[in-house]
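A short worksheet on the structure shown next.
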Amino acid sequence: MTAGDDPVCSAKDCRAPASVALLWNNPKIHAPDRQKTWLACDSHQQSLTDFLAARGFMRKMERL
Ligand SMILES: [Zn+2]
């Protein structure tokens with residue numbers, strides 16, 4: 001792990017630089033105003049978005 005400001009993908013075992021932030025909320029365990037953030041690289045953006053969207057957790061995506 002190196003020190004740095006570059007955001008890294010949140011996908012398991014992925015160390016690629018993140019290009020987007022996925023903002024999500026699980027209404028079963030999080031308060032409505034709580035917002036969780038996952039970072040995703042280009043190759044994981046789709047799978048992470050699909051994962052969240054399939055569960056109804058997806059709020060929005062922001063370019064970093
Ligand atoms: Zn990744």
Side-chain angles (χ1 to χ4, degrees):
M1 215 67 182
T2 55
D5 296 319
D6 290 345
V8 171
C9 179
S10 300
K12 192 170 184 290
D13 297 330
C14 182
R15 309 304 307 158
S19 53
V20 295
L22 307 174
L23 305 179
W24 62 279
N25 171 284
N26 179 348
K28 287 193 177 129
I29 59 172
H30 298 132
D33 59 345
R34 180 93 179 274
Q35 205 155 241
K36 302 284 288 177
T37 303
W38 276 356
L39 301 174
C41 67
D42 287 338
S43 49
H44 285 117
Q45 176 188 335
Q46 193 62 52
S47 58
L48 290 177
T49 301
D50 288 349
F51 179 92
L52 293 171
R55 286 156 182 80
F57 297 170
M58 191 66 198
R59 286 276 180 87
K60 65 175 175 172
M61 185 187 83
E62 286 178 356
R63 288 254 144 216
L64 296 176

Keeping the roles fixed (side chain from His30, backbone from Asn26), state whether a donor-acceptor pair exists under 3.5 Å. yes

How is the hydrophobic cluster of Ile29 composed, in terms of its other members, when Ile, Leu, Val, Met, Phe, Trp and Tyr link through side-chain heavy atoms under 4.5 Å apart, directly or indirectly? none

Output for pair (His44 NE2, Cys9 SG), nearest 0.5 Å, gives 5.5 Å

Quick one: salt bridge (Lys or Arg N to Asp or Glu O under 4.0 Å) pairs with a partner in residues 34-50, sequence neighbours left out? none

In Å, rounded to the nearest 0.5 Å, how long is the span from CG of Leu48 to CG of Leu22? 6.0 Å

Heavy atoms only: give me the nearest Ala16-Cys41 pair and the separation to one decimal. CB-CB, 3.7 Å

Please walk me through it: do Val8 and Arg15 pass side chain to side chain contact (heavy atoms under 4.5 Å, CB included)? CA-CA 6 Å; Val8 171; Arg15 309 304 307 158; 4.0 Å; yes

Under 3.5 Å, which donor-acceptor pairs link side chains of residues 54-64 to any protein atom two or more places apart or in another chain?
from  : atom 1 : to    : atom 2 : distance (Å)
Arg55 : NH1    : Phe51 : O      : 2.9
Arg59 : NH2    : Pro32 : O      : 3.1
Lys60 : NZ     : Glu62 : OE2    : 3.3

Under the rule for side-chain contact (heavy atoms from CB on, under 4.5 Å), what residues qualify as partners of Ser10, not counting sequence neighbours? Trp38, Leu39

